Amino acid sequence: MKATRFISSRIFSLSKENLSSTVMKIAMLSIALGIAIMLISISVVVGFKNQIKDKVIGFVSPIQIQVLNQNESMEETPFVYDSLVKSRLQLPFIKSIHQTANKAGIIKTDSEIQGVVLKGVDKDYNWDYISSNIVAGSLPEYNDAERSNDVIISKIISDKMHLGVGDDIRIWFVGEDMKARGRKFSVKGIYETGLVECDERFVYCDLNQIRRLNGWENDEVGHLEIMLTEGVDIEEANNIIYYSIPTNLLSLTASDLYPQIFDWLELQDMNVVIIIALMLMVSGVTIISMLLIIVLERTSTIGVLKAMGADNAFVRKIFLQRSRKILLVGMLIGNAFGLGLCVIQKYTEFIKLSPESYYLSSVPIELNLWYILMLNVGTFLLWVLMMLIPTMVINNVKPSKSIRFE
């Protein structure tokens, strides 16, 4: 056994009833709580951001292509999805392209009225996201040969308008001549995504219905939804698409279409930074206080070691060696506690949220090994550097003044 390790094992003892042992237990608890809180914060925020982004992208697709104009209303300007556009979108990272169109309308029943946006889709539309959120009924089947009256409404609209699967609804539209026109549809299914801003607005219908209401040709669309292959950066893909399509068209990402949601998500990063900074500071001050108290309590021992020929580096190593062990033990306890809570929440969802406020029904958790490793390594190195501060006192200890003979 090395001399520094042997001496440090005698100086640092958690079993003895003295001030230093109490301080070490408090420091270990502070380290464990600090690491646990930081791990939980990162796991929650990463999970929260990713789940919300997946919801928005699932609703509007990663990238949309529409006509370049100043039209801010829900009445879209159509364009022809012809061979020119198709040829320019033959890019390796594009998984699929879907023709869609939006049109504003009003659902009116005997007792309720609700403004909605009809989202017209065709037979090739990717229903993966909506199908995973169907709570009643089933998906409609559309084809090019005829117009279908089947629609899918959200649970929010269903509850507010007192509609169920199989019910007929009438949706009213205002044409260019400012005259109201009503169309009868049948509720085929009900979905619930938790993304309130979209759930309370969108009704899925046959794209041919939108074309007929607007007087469009069969090859005209309101916008194109671009699905990307997995792992592709959306912003980079959007830049390539933007410069590939004709000049009369514009490509937009999901964050461009819903900036308020993505800006809100970016603010969550600041919350995590503040929490991590506070935990590092509080736990770091506790570590410094612990080591400083131990150094001051062992002043006589330091004087004896120096009188026997030990230099400052040797004595400093004694205190740092055991302190690092306490730090590691505290971090292991904190990791076990924090990750344990995260795993329980991930698979049981016992902590609930209000979907109206947070878009999710429970606290989301995403355990990312890379984030966990970076947090632990970075925190360990920072706290070890902070330990050097109290050991500076060792340089000022003089054997002639610190040794006491009794």
Side-chain angles (χ1 to χ4, degrees), residues 58-61 64-67 73-82 85-86 96-109 114-158 161 163-176 179-193 198-227 257:
F59 235 115
V60 301
S61 77
Q64 285 191 10
I65 296 177
Q66 61 187 42
V67 173
S73 70
M74 293 306 301
E75 296 298 321
E76 297 179 314
T77 302
F79 65 94
V80 178
Y81 184 43
D82 55 13
V85 178
K86 293 179 181 178
S96 60
I97 302 173
H98 305 287
Q99 305 176 58
T100 57
N102 293 335
K103 187 172 182 61
I106 296 175
I107 298 178
K108 187 179 184 304
T109 62
Q114 172 74 27
V116 296
V117 176
L118 259 70
K119 180 174 182 178
V121 300
D122 63 4
K123 61 182 180 61
D124 297 322
Y125 185 72
N126 183 1
W127 290 106
D128 290 347
Y129 177 71
I130 296 299
S131 63
S132 64
N133 292 282
I134 290 288
V135 296
S138 59
L139 295 173
E141 295 182 1
Y142 299 143
N143 58 70
D144 295 333
E146 58 182 356
R147 292 184 300 274
S148 172
N149 292 323
D150 291 337
V151 297
I152 301 179
I153 63 175
S154 69
K155 190 174 185 301
I156 293 178
I157 297 175
S158 171
M161 307 302 293
L163 295 170
V165 175
D167 291 346
D168 292 331
I169 60 174
R170 184 167 291 276
I171 304 180
W172 294 85
F173 308 92
V174 177
E176 295 181 357
K179 292 182 179 180
R181 292 176 294 170
R183 290 291 184 273
K184 185 179 178 181
F185 296 93
S186 177
V187 178
K188 181 71 173 180
I190 299 173
Y191 71 89
E192 183 180 26
T193 67
C198 295
D199 281 8
E200 64 183 8
R201 298 171 61 198
F202 284 98
V203 173
Y204 285 82
C205 73
D206 189 351
L207 176 59
N208 291 323
Q209 292 284 2
I210 304 294
R211 285 170 172 160
R212 183 187 182 189
L213 287 166
N214 290 336
W216 294 354
E217 299 297 331
N218 291 334
D219 57 353
E220 289 185 316
V221 298
H223 59 273
L224 297 175
E225 293 189 354
I226 309 297
M227 305 302 294
L257 296 168

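All values reported here derive from a predicted model rather than from experimental measurement.
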Show your working on side-chain contact (heavy atoms from CB on, under 4.5 Å) between Trp127 and Ile152 and close with a plain yes or no.
CA-CA 11 Å; Trp127 290 106; Ile152 301 179; 3.8 Å; yes

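- Checked by atom type and distance alone, the side chain of Gln114 never pairs as donor or acceptor with a backbone atom of Ile107 at under 3.5 Å.
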Decide side-chain contact (heavy atoms from CB on, under 4.5 Å) for Tyr191 and Tyr129; before the verdict, give the C-alpha distance in whole Å, the side-chain angles of both, and the deciding distance to 0.1 Å.
CA-CA 10 Å; Tyr191 71 89; Tyr129 177 71; over 6 Å; no

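- Ser158 places no side-chain N or O within 3.5 Å of a backbone atom of Gly164 that could act as its donor or acceptor partner.
- Arg211 places a side-chain N or O within 3.5 Å of a backbone atom of Asn218 that can act as its donor or acceptor partner.
- Rounded to the nearest 0.5 Å, atoms CD1 (Ile226) and CD1 (Ile65) are 4.0 Å apart.
- Between Cys205 and Ile210 the shortest side-chain heavy-atom distance falls below 4.5 Å.
- The CD1 atom of Ile169 sits 6.0 Å away from the CG atom of Leu163 when rounded to the nearest 0.5 Å.
- Residues Phe79 and Gln66 share a closest heavy-atom pair of CE2-CA, 4.0 Å.
- Residues Asp82 and Val85 approach most closely at OD1-N, 3.1 Å, considering heavy atoms.
- Contact detail for Tyr204 and Tyr142: the closest heavy-atom pair is O-OH, 3.9 Å.
- Inter-residue side-chain proximity for Phe173 and Leu118 is flagged as met; some heavy-atom pair is nearer than 4.5 Å.
- Side-chain contact between His223 and Thr100 is present, with heavy atoms from C-beta onward closer than 4.5 Å.
- Using modelled atom types, no side-chain atom of Arg170 and backbone atom of Lys108 make a donor-acceptor pair closer than 3.5 Å.
- Side-chain atoms of Thr193 and Asp199 form a donor-acceptor pair, as typed in the model, at a separation below 3.5 Å.
- Side chains of Val117 and Phe202 form a contact here, defined as non-hydrogen atoms less than 4.5 Å apart.
- Taking both residues in full, the closest heavy atoms of Glu220 and Val80 are given as CG-CG2, 4.0 Å, listed atom of the first, atom of the second, then distance.
- In this structure, OG1 in Thr109 is found 4.0 Å from CE in Met161, a value given to the nearest 0.5 Å.
- Atoms OH and CG, from Tyr125 and Leu207 in turn, are 11.5 Å apart once rounded to the nearest 0.5 Å.
- Of the charged side-chain nitrogens involved, at least one lies within less than 4.0 Å of a carboxylate oxygen, so that Lys184 and Asp168 count as a salt-bridged pair.
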From CA spacing to verdict: side-chain contact (heavy atoms from CB on, under 4.5 Å), His98, Val121:
CA-CA 8 Å; His98 305 287; Val121 300; over 6 Å; no

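- Asp206 and Ser148 make their closest contact through OD2-N, 2.9 Å (heavy atoms, listed as atom of the first residue, atom of the second, distance).
- No side-chain donor-acceptor contact under 3.5 Å links Lys103 to the backbone of Gln209.
- Scanning both residues, Gly222 and Ala101, for their nearest heavy atoms gives N-CB, 3.7 Å.
- In this structure, OG in Ser138 is found 8.0 Å from CG in Asp150, a value given to the nearest 0.5 Å.
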Is there a side-chain contact (heavy atoms from CB on, under 4.5 Å) between Glu192 and Asn133? Walk through the geometry before answering.
CA-CA 6 Å; Glu192 183 180 26; Asn133 292 282; 5.7 Å; no

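- Looking only at atom types and distance, the side chain of Asp124 has no donor-acceptor partner in the side chain of Gln99 under 3.5 Å away.
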